[in-house]
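Working notes, beginning with the structure itself.
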Amino acid sequence: MNLVFLGPPGAGKGTQAAGFAKEHGLCHISTGDKLRQAVADETPVGLEAKKYMDKGKLVPDEVVVEIVAHSIGPDECPDGWILDGFPRTLAQAEALDARTSELGIAGVEAVVYFAVGDEEVVRRLSGRRVCKECGAVYHKEFMPPEEEGVCGKCGGVLYQRDDDKPDTVRNRLKTYREQTEPLIDYYKERAILAEVDAGGAPEEVASAISTAMEQRFE
Ligand code: AP5
């Protein structure tokens, strides 16, 4: 099963992708997580990417395409993958198509589109906390850790992402509207887009995704 999770920042793509990938034995490939790791490791890619991420802009296509191209092969992901936060431009979507045919694997088989309003996105991002050690995602109000500031999975320290500050969130939403939203039509035209109401509680969203994917792959 080769899937793309598409939607605005803070829609819950990462939260849902982690659970769905685990349940179905898929690779969960988040370009945001990979870029944040590169930033933390201070690699040349990370230092370059940080300039864009801090402003809420997209990192250049060639950088993210290169990251994904080496993560989706049959050796790495024999049962398939979920791409979380990729593609985000038409050029990335086309590069993904080219790469899957080059690898001789199925292309994108279904796209889950997370439909959620801006107000909810801002509420989710302003309260998000992430584990410094294992990357687990929490929310101060909606998905709080048992002990404040401490990851329930590994005991790591929770922090607020730099790009979750209000000004950057506004820019990320603008970037999403301008550069990523056109992908909705791109995948609609191929009849592989499944729109899911992502405004409900996490379990409700998970159940809507499962139902949509059962229908798609029945
Ligand atoms: P990235 O990390 O991909 O950020 P994003 O797409 O903006 O998505 P988020 O991680 O912010 O949100 P999410 O939808 O995963 O929500 P989450 O599950 O965490 O990218 C960061 C940056 O990297 C980009 O701005 C760009 O610069 C660069 N980049 C990445 N990919 C790129 C690409 N392909 N091309 C170019 N540049 C790229 O949930 C959010 C919060 O809500 C959490 O606190 C969670 O606990 C909570 N929550 C989740 N679900 C629910 C629910 N149902 N109800 C209540 N709360 C919920």
Side-chain angles (χ1 to χ4, degrees), residues 4-21 28-39 45-46 48-69 71 82-93 95-96 112-131 135-145 151-152 158-165 167-181 183 196-209:
V4 164
F5 280 13
L6 174 71
K13 305 179 296 293
T15 301
Q16 296 297 337
F20 195 91
H28 171 197
I29 300 163
S30 157
T31 40
D33 285 350
K34 285 188 188 284
L35 289 168
R36 276 184 291 282
Q37 189 59 55
V39 172
V45 164
E48 184 61 17
K50 189 172 184 326
K51 295 183 202 158
Y52 298 89
M53 295 167 81
D54 283 350
K55 293 189 189 122
K57 291 187 173 171
L58 293 185
V59 172
D61 288 335
E62 55 275 19
V63 174
V64 278
V65 166
E66 184 68 14
I67 291 175
V68 172
S71 311
I82 300 178
L83 298 180
D84 161 13
F86 181 95
R88 264 170 142 108
T89 63
L90 285 171
Q92 290 178 19
L96 175 60
V112 177
Y113 165 50
F114 287 63
V116 61
D118 285 5
E119 222 174 276
E120 181 63 15
V121 157
V122 171
R123 283 205 312 157
R124 289 184 186 180
L125 291 181
S126 57
R128 172 163 58 189
R129 297 294 179 268
V130 182
C131 176
V137 177
Y138 298 86
H139 190 282
K140 271 170 65 176
E141 192 184 332
F142 308 131
M143 301 171 78
C151 177
L158 303 185
Y159 77 107
Q160 182 172 35
R161 268 170 50 176
D162 285 344
D163 61 350
D164 281 348
K165 310 277 158 64
D167 278 356
T168 317
V169 167
R170 264 192 293 279
N171 288 339
R172 285 164 65 197
L173 275 167
K174 187 165 175 279
T175 303
Y176 169 77
R177 300 274 174 251
E178 290 170 357
Q179 299 192 56
T180 308
E181 250 182 8
L183 289 178
V196 163
D197 176 0
E203 319 75 67
E204 290 166 347
V205 181
S207 154
I209 294 172

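Numbers here simply count residues along the sequence, with the first being 1. Just so you know, ligand 1 is whichever comes first in the structure, and atom 1 is the first atom listed for that ligand. All of these numbers come straight from a predicted model, not from anything done at the bench.
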Ligand 1 N/O within reach of [X] N/O, cut-off under 3.5 Å:
| X | value |
| --- | --- |
| Val59 | yes |
| Lys57 | yes |
| Tyr52 | no |
| Gln92 | yes |
| Gln16 | no |
| Pro202 | yes |
| Ala11 | yes |
| Arg129 | no |
| Gly85 | yes |
| Val205 | no |

Tell me whether [X] reaches ligand 1 (any heavy atom closer than 4.0 angstrom to a ligand atom).
| X | result |
| --- | --- |
| Arg36 | yes |
| Ala49 | no |
| Asp33 | no |
| Gly127 | no |

Have a look at [options] and point out the one with the heavy atom closest to [atom].
| atom | options | result |
| --- | --- | --- |
| atom 42 (O) of ligand 1 | Arg124, Arg128, Glu204 | Arg124 |
| atom 23 (O) of ligand 1 | Glu203, Lys55, Met53 | Met53 |
| atom 4 (O) of ligand 1 | Arg161, Lys13, Lys50 | Arg161 |

Is [X] touching ligand 1 with its side chain, its backbone, both, or neither, if touching means heavy atoms under 4.0 Å apart?
| X | value |
| --- | --- |
| Leu125 | side chain |
| Asp163 | side chain |
| Met143 | side chain |
| Pro87 | neither |
| Thr15 | both |
| Val64 | side chain |

Output the list of atoms in ligand 1 that are nearer than 4.0 Å to some heavy atom of [X], sorted by atom number.
| X | answer |
| --- | --- |
| Tyr138 | 43 (C), 44 (O), 46 (O) |
| Gly14 | 13 (P), 15 (O), 18 (O) |
| Thr31 | 30 (C), 31 (N), 32 (C), 34 (N) |
| Phe142 | 55 (C), 56 (N) |

### Task
Grab the two heavy atoms, one from Val116 and one from Gly199, that are nearest each other, plus how far apart they are.
CG2-CA, 4.1 Å
### Query
Which residues satisfy the side-chain contact (heavy atoms from CB on, under 4.5 Å) test with Ala18, sequence neighbours excluded?
His28
### Task
Apply salt bridge (charged side-chain N to carboxylate O under 4.0 Å, His left out) to Asp61 and list each qualifying residue two or more places apart in sequence or on a separate chain.
none
## Note on the structure
Of Arg123, Arg129, Arg124, Arg172, the one forming a salt bridge (charged side-chain N to carboxylate O under 4.0 Å, His left out) with Asp164 is Arg172
### Query
Side chains of Val59 and Glu48: does their closest heavy-atom pair fall under 4.5 Å?
no
### Task
Apply side chain to side chain contact (heavy atoms under 4.5 Å, CB included) to Arg128 and Thr15, showing your working.
CA-CA 11 Å; Arg128 172 163 58 189; Thr15 301; over 6 Å; no
